[in-house]
**Student:** 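The structure follows.
Quantities reported herein were computed from a predicted structural model and do not represent experimental measurements. Counting starts at 1 for both ligands and their atoms, in listed order. No hydrogens, no waters, no symmetry mates; every other heavy atom, side chains included, goes into these values.
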Amino acid sequence: MKTIYFDYNATTAVDPAVREAMLPFLDEVYGNPSSIHQIGRRARAMLDDARERVATSWRCRASEVVFTSGGTESNNLAIFGTARHLRGKGRHLITSTIEHHSVLQCFQHLERNEGFNVTYLPVNSEGVVDPDDLAKSIRSDTILVSIMAANNETGSLQPIESIGETCRSKGVVFHTDAVQWFGKEPFERVQQFNADLVSFCAHKLHGPKGAGALFIKSPLHPEPIAFGGSHENERRAGTENLASIIGLAKTAELFLKPPVFPRDALMRLTDHLISAAGAIQGVEFRGSRSVRLANTASFTISGSDSITILAGLDMEGICASSGSACSAGSLEPSHVLLAMGVEPDLANSLVRFSLGRDSTLEDVDRVVEVLRGVRERATK
Ligand SMILES: Cc1ncc(COP(=O)(O)O)c(C=O)c1O
């Protein structure tokens, strides 16, 4: 049975060219970049070079690139670091109800434990934030806004440029989690988000896992969240994972411009998927048909739940995902769908298909055929 991988928003396979670039760093280039001897200096030179290469891809200064362990850490550093750095100026923060948990849980922690006040912006039924809502929510004590560039569950694209402009005009620091956006949408330079902080990770676009970066616009200097060394210009302590950093630099060079996810081809495939799957009784597309990542199409399945449907698909060799956190067989309804106004029962039945560069029309047709059967069996 052929395996069909429709879970590219969860992660992707490392590209052979990226793997090749990383190999020497798992072997002969083993030095610690902080060591002063020649073995360490060689590693340091490669680390500095990797930072320059990412800066060249992003068209920013090398000093504005901080390497992290991935999207989660980039988000944590951006949010905790900035909120704590600026707490003397104000204690009001703004984010949205559809953020990834690595953003939402930072805000919840700051609210519960550190005396901050958080506004969670709503979204419309297509999962998009209204920039006017943001403008109305900014107060004199607002210090940070964090809105994602593209949602991982529905693929909905957010009006980031205009949100960034509003924040700039009001003097508020703006962070965007662009983890799902990079490699999928047209990219020129990291400043195009109009953001002071931009989160990136490599494994969503054919780079290694555990490799991330945060763009921090100069001269902003968030407080570190890890202590124990002066690495990354006092912004992130810990011996650098050079092999992953080299992999991340290669990924940024190869796959941002043009995006490694072929947009037009993927839009044709997901448009077809949305029409064909949406024609199955009880299957409803969720998200925006037009303002979305081309690779992502999510559905609810009435009368069933995500785990049942995903298990049924998996038995037939199809890898898809729910947007929700599964633990010990229990399933939380998707917070993204709830925010879009979907009933809790239905929000429990999200099935996300996220396609990639190797996906084909035959794959889509097979997925639709299997989904029809799985849904029929599941709702009997
Ligand atoms: C939107 C978004 N932000 C952050 C993350 C976390 O990234 P990482 O897996 O690199 O920690 C993910 C990954 O699922 C994501 O989709």
**Student:** Does a donor on one side chain and an acceptor on the other come within less than 3.5 Å for Glu73 and Ser69?
**Tutor:**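 Side chains of Glu73 and Ser69: pair found under 3.5 Å.
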
**Student:** Would Asn151 and Ser156 count as having a side-chain donor-acceptor pair, cut-off 3.5 Å?
**Tutor:**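 Checked: Asn151/Ser156 side chains show no N/O donor-acceptor pair below 3.5 Å.
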
**Student:** Give the residues near ligand 1 by chain and number, with the criterion being a heavy-atom distance under 4.0 Å.
**Tutor:**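 Ligand 1 pocket, heavy atoms under 4.0 Å: Gly70, Gly71, Thr72, Asn75, His100, Ser102, Met148, Asn152, Asp177, Val179, Gln180, Cys201, His203, Lys204.
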
**Student:** Between Phe261 and His206, what is the ring plane arrangement, given parallel below 30°, perpendicular above 60°, and tilted in between?
**Tutor:**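 Tilted: the ring planes of Phe261 and His206 meet at 30° to 60°.
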
**Student:** Is a donor from one side chain sitting under 3.5 angstrom from an acceptor on the other, for Asp305 and Thr308?
**Tutor:**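 Yes.
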
**Student:** Could you tell me whether Arg357 sits above the aromatic face of Phe255, with NZ or CZ closer than 6.0 angstrom to the six-membered ring centre and within 45 degrees of the axis?
**Tutor:**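 The answer is yes, since Arg357 meets both limits relative to Phe255.
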
**Student:** Determine whether the aromatic ring centres of residues His231 and Phe67 are separated by less than 6.0 angstrom.
**Tutor:**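 Not close enough - the centres of the two rings lie 6.0 Å or further apart.
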
